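To keep things clear, I will list the structure first and then write my remarks on it.
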Amino acid sequence: MPKPPPQATPSRFALLADLLDFTDDPGFASPHQAPGVRFRPNHWLLVDGGRIVGTQVSADLPDDSWARFEAPGSLVMPGFIDSHVHSPQLDVIASFGTELLDWLNTYTFPSETRYADPQWAIEGATRFLDALLAHGTTTAVVMPTVHKRAAEALFAQACQRNMRLITGKVLMDRHAPDGLRDDVTQAQKDCCELIERWHGTDRLSYAVTVRFAPTSTPEQLQMAGRLLQRYPGLYMHTHVAENRDEVRWAQELFPEARSYLDIYHRAGLLNERGVLAHGIWLDDEDRALLRDTGAQIAHSPSSNLFLGSGLFDWAAAERAGVRVSVASDVGGGTSLSLLRTLADAYKVQALQGTRLTAWKALYGVTLGAARNLGLDHEIGSLSEGRVADFALWDLAVGPVAARRLYVARDVHERVFAFLTLGDERNLVRTFVAGKCLYQR
Ligand code: GUN
Ligand code: ZN
């Protein structure tokens, strides 16, 4: 039995396990020719003062100044990064029977109105962040609700956990029910207050968060663009081109724009800190615009399958120079597990003739996502100097997975089986800045 650290983690400790992370993008190359894969079996990971300070082979035993914990055969990976997820939507996950626009009106909007209540918002933020950690996710780009207090609660709870989190109050001033709309003046005031209080505090960053073009007036989009100008280093977070009816509606509302994506471009919202969920129904000009502005797509395969939205072509997007990360998009997505999400990504790509390796998949929720967010100096790998955000995983849970791993012939086969069969039940421990914040 492994003996991993207890809740009260010592500040200086060494953990023995198989270490897996990436030094570069493995791309869509075959598993055995993929660059950038760093698999270090049976190595010590050294953590001191919340940071990774080194790694060494098992025979090189850390001296007695290190608390030592051994988990032979288990896997340590960087904490996962969920590049698009909705904190209030644990309440609507797995809702039956609708496509995007109906799903929003039937389930999601009514449920989000509850977040006007500050106590509801605090409890929701707490539940959500603890759930992320219980799925091995240590960083996320999060959409709360339109309510300032909901964003505030999320920032405060993430701050308490010392998590690297990106979020911001949702902007929506039309086409939403009472209690779920703001207006330009109040929204601008709320955003400025939140930015000044939280952006750059500890490990928190603010994202100007336009829900999607149909729920903002042109004036509100302009205001969002001005915020990005006024405060350097903000992120921008929204949805684009997820569903065909949504695309049609967005074009009707903004007839002057060349495309749905162009609505955001015209408002000055696209840059290298832009995160746009989905991007299924984009054309070549849109892809060129993403490439030129540096904004990224948060590919959300579980959500795209569940809501029947369509199949995102990851390889084609990358061929066009678009940066892509992976996201759960709960509650359109049906699990916070990025393992399950990646298993869905494999199937979505397979339907389009591309084979997603375990390496490319896991890169997309670790170093790839960190690079796309400009955070690879801090998170996304097990390199020396990175903040010690990582998770310890059992490769197999249950007899079927155990058997599959037993007969696997090489490390890619093992990791691919883990990724395809695994979920949060495989998670043993999650560490944030060197502290164990989740244990099974
Ligand atoms: N587009 C606008 N809002 C949402 C949302 O909450 N979920 C998804 N999947 N798409 C959206
Ligand atoms: Zn979403």
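For ligands, and for the atoms within them, numbers begin at 1 and follow the listed sequence. Just so it is clear, the structure is predicted and the values come from calculations on it, not from any experiment.
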I'd like to know if the side chain of [X] pairs up with that of [Y] as donor and acceptor (distance under 3.5 Å, no hydrogens or angles considered).
{"X": "S302", "Y": "T341", "value": "no"}
{"X": "S309", "Y": "N243", "value": "no"}
{"X": "H84", "Y": "H86", "value": "yes"}
{"X": "Y264", "Y": "T238", "value": "yes"}
{"X": "N372", "Y": "S325", "value": "yes"}

Item to complete: Applying side chain to side chain donor-acceptor pair (under 3.5 Å), name anything that partners T126, two or more places apart in sequence or on another chain.
Response: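 Counting only residues at least two positions away or on another chain, T126 forms a side chain to side chain donor-acceptor pair (under 3.5 Å) with Q157.
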Discussion item. My understanding is that only residues two or more places apart in sequence, or in another chain, count here; which of them pass side chain to side chain donor-acceptor pair (under 3.5 Å) with R174?
Written reply: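 R174 satisfies side chain to side chain donor-acceptor pair (under 3.5 Å) with no other residue.
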Worksheet entry | NZ/NE/NH1/NH2 to OD/OE distance under 4.0 Å, D25 and K360 |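 A salt bridge is present here (some side-chain N lies under 4.0 Å from a carboxylate O).
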Practice prompt. Tell me the residues surrounding ligand 1, counting only those with a heavy atom closer than 4.0 angstrom, sorted by chain and number.
Written response: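 Within 4.0 Å of ligand 1, protein side: H86, Q89, L100, W103, L104, R211, F212, H239, E242, H278, S303, D329.
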Practice prompt. Would you please indicate yes or no on a ring centroid separation below 6.0 angstrom for F306 and W103?
Written response: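 No, they do not, as the ring centres are separated by 6.0 Å or more.
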Worksheet entry | In the protein, N/O/S atoms that are found under 2.8 Å from the Zn ion (ligand 2), waters not counted |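 Sorted hits: H84 NE2, H86 NE2, H239 NE2, D329 OD1.
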